[in-house]
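Quick note on labels: first sequence line is chain A, next is B, and so on, each numbered from 1.
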Amino acid sequence: MFLTDRGKLWTVFVIVLALAILAPFASAYVILLVTQALILAILAMSLDILLGFTGLPSLGQAAYLGMGAYLTAILATRYDFGLGWSFWVVIVLGILIGAATAALFGLFAIRAAGVSFLMITLALGMCVWGLAYRWNSMTGGDNGINIPARPKFGIQLADGVTYYYLVLFFFVMSLAMLYVLIKSPFGRSLVGIRERELRMRILGYNTWLHKYIAFVIAGGFGGLAGVLWAHLNGIVSPQVVVLATSVDALLMVVLGGPGTLVGGAIGAAVVVFLRDYLSTVVPWWQYVLGGVYVLTILYLPGGLMGIPARIRRWREEQAGPGQEKKR
Amino acid sequence: MNTQFWLIQAFNGISYGALLFLLASGLTLIFGVMRIVNLSHGAYFLLGGYVALSVIAATGSWLLALPVAAAVVAVIGLLMERIFLRRVGFDPLRQVLLTVGFAFLFQQAALDIWGGDNLDITPPDMLRGSTVLGGLHFPMYRIFMIATAIVVGTILWLMMEKTRAGAMIRAAVDDSEMARGVGIDTSRVSMFIFALGAFLAGLGGVVGGAFLGVYPGLDFEILPIAFAVVIIGGMGSLTGAAVGSLIVGLADNFGKALFPEISYFTLYAPMVLILALKPTGLFGRE
């Protein structure tokens, strides 16, 4: 249960392998749910870079998801672009537009801290929502934009399992890249900023720039998730960028365990299970969702990933003082 | 576009701002005194409307629905603060997620109790017509909204400036630690403010119910707008809430009339600029 770093890597590897091997045996509906969870996991992990590692609770992460998704839909419907091999160009453009939006937003947001940061990211997210909702000639307003078909280039992404494998590929790539990022000296200094920004500044770090770069990187991954999200659903509407999406992303990270990366993925799985599966089964699913929010905050400060550590601490207390830790 | 257009739009903006003031004045006090980012505030507004509908259905009295609905919502807010929010402390992220969780719970409860239809509160006949002034028609209900906001604003101002309780609240806004130090029971102040904020939101919900309607999703539609008011005006400042409500009400109306395609953008972009340039808002204090 209490794993070393290498053990954790192996666990993640085995889970990804299982996801890859088991897919052809699952029903189309389960595939759809897991695909959704993997895309939102990318979004949640991008937010974890801000919230978990840098200590910046962004209340507008859905904005980047929306930018990527709308870019994909607009290119596909207006310019017939991105439905063949050019899909890969759209992936790059999606990442770039997410990063560029974050680069613009970061100029305003990074100066703020605490409540102000929450509020300014909320306002920035609402700006994007407002444009999506009202800019009819560009975004189709409330109705959104229907994307004619998923891309095909040799392989048919219209097939649910094929698309799932594509998303799984991007999920693994994102996880790997973000893992490398947080293990890098840059990632270490982000944690330093989270723990005590003043000390980092005194040590000579440009903390503004560090936070800004983290913000832009998170935006890029959000944009990537947006492109994948657009093709998964075939429709992009303002529903993607509502406040609830940003709040859900926060919950995913806090529920899974901030500062753990994979925690965000676990949280995404739980939220998708509640919102998209349970909601089709029982009419009162939102009690469960609301309850998960409340209980997470009251009883799971470290998230699900923090449970092993809590058990360990509890056991040590049970063992009583004076005894050596046995492991 | 003539004078008439500008006058009518300005009047509509001011009356919408009056409604926003009811919602935002409570939110700004909660923000200022308790440093709580309350994302349930939109749900309070919606619940106010729903409870009023039930009161009207049971008694037929719209006038009775106003205080009853507001009081019910105040009790809900009070319980939420005492039982849950106090345990969370000052971490804004945890407050946000906790209050969102409650907003979802209230949403589902409202859906179960009152159903998913778009409902409407019918105001008494007296408020249904319109007044003609200088050739322009002014709906009575919008005039009523403005009057309500003025009355509520005046009472709040008197309370804050002229009473002992108000002095204690202002002390808690300025420096809560120091206020505790001189013997002010800030925990009771917080409880009172939270209940008052919920009361005002509930009242706003009843008043707004005849104007915006009462429907699922209204809570999260109105919430960010209330935050825009609070941020522009400055957290914790009543004057700020009043001015902010006017600005946002007018910006919303003129935005929709003049630049419909970017109308919400014209609402939230000023919020971003204020936060970036002057995080304390127009009237907030350091």
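The contact between A:Val254 and chain B is made entirely by side chain atoms (from C-beta outward), counting heavy-atom distances below 4.5 Å. With a 4.5 Å cut-off on non-hydrogen atoms, A:Leu118 touches chain B through its side chain but not through its backbone. There is no contact between B:Gln95 and chain A, counting heavy-atom distances below 4.5 Å. Looking at B:Val230, there are no atoms closer than 4.5 Å to chain A (heavy atoms on both sides), in backbone or side chain. For A:Phe117, no part lies under 4.5 angstrom from a heavy atom of chain B. The contact between B:Leu273 and chain A is made entirely by side chain atoms (from C-beta outward), counting heavy-atom distances below 4.5 Å. For chain A, the nearby part of B:Ile231 is the side chain; its heavy atoms alone come within less than 4.5 Å. Of the atoms belonging to B:Val272, heavy atoms from both backbone and side chain fall under 4.5 Å from chain A. Both the backbone and the side chain of B:Ala109 have a heavy atom closer than 4.5 Å to some heavy atom of chain A.
The closest donor-acceptor contact from the side chain of B:Glu261 to the backbone of A:Ser137 lies under 3.5 Å.
Among all heavy-atom pairs drawn from B:Pro92 and A:Gly114, the shortest one is CG-C, 4.5 Å. Across B:Phe104 and A:Gly290, no two heavy atoms sit closer than the pair CB-CA, 4.1 Å. Between A:Ile297 and B:Leu98, the shortest heavy-atom distance links the atoms CG1-N, 3.9 Å. For B:Leu105 against A:Gly291, the heavy-atom pair with the smallest separation is CD2-N, 3.8 Å. Here the closest non-hydrogen pair linking A:Pro57 and B:Leu93 is CB-CD1, 3.9 Å. Shown here for B:Ala269 and A:Cys127, the closest heavy-atom pair between the two residues is N-SG, 3.6 Å.
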### Task
Check the pair B:Arg94, A:Leu298 against side-chain contact (heavy atoms from CB on, under 4.5 Å), reporting the backbone distance first and the verdict last.
CA-CA 9 Å; B:Arg94 299 182 69 206; A:Leu298 292 181; 5.7 Å; no

### Message
With side-chain contact (heavy atoms from CB on, under 4.5 Å) as the criterion, how do B:Phe227 and A:Met119 come out once you've worked through the C-alpha distance, each side chain's angles and the decisive distance to 0.1 Å?
### Response
CA-CA 8 Å; B:Phe227 271 116; A:Met119 284 294 113; 3.6 Å; yes

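Once rounded to the nearest 0.5 Å, the distance linking CD1 of B:Ile262 with CZ of A:Arg134 reads 11.5 Å. Once rounded to the nearest 0.5 Å, the distance linking CD1 of B:Ile225 with CE of A:Met126 reads 7.5 Å.
In this structure, B:Gln108 and A:Leu289 have side chains that are not in contact, with every pair of non-hydrogen atoms separated by 4.5 Å or more.
Residues of residues 265-285 of chain A that come closer than 4.5 Å to chain B, counting heavy atoms only, are A:Arg275, A:Pro283, A:Trp284, A:Trp285, ordered by residue number. Of all residues in residues 99-111 of chain A, those placing a non-hydrogen atom less than 4.5 angstrom from a non-hydrogen atom of chain B are A:Phe108, A:Arg111.
Most heavy-atom pairs under 4.5 Å with chain B: of the set A:Leu295, A:Leu124, A:Thr296, A:Leu122, this distinction falls to A:Leu124. Chosen from B:Phe102, B:Phe220, B:Phe259, the residue pairing most often with chain A at heavy-atom distances under 4.5 Å is B:Phe102.
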Contacts table for residues 26-33 of chain B: side-chain donor-acceptor under 3.5 angstrom, sequence neighbours left out:
unit_1  : atom_1 : unit_2   : atom_2 : d
B:Thr28 : OG1    : B:Gly234 : O      : 3.4
B:Thr28 : OG1    : B:Gly236 : N      : 2.8

Acceptor/donor pairs from residues 39-49 of chain B side chains to any protein atom, 3.5 angstrom cut, sequence neighbours excluded:
unit_1  : atom_1 : unit_2  : atom_2 : d
B:Ser40 : OG     : B:Thr99 : O      : 2.8
B:His41 : ND1    : B:Asn38 : ND2    : 3.3
B:His41 : NE2    : B:Leu23 : O      : 3.2

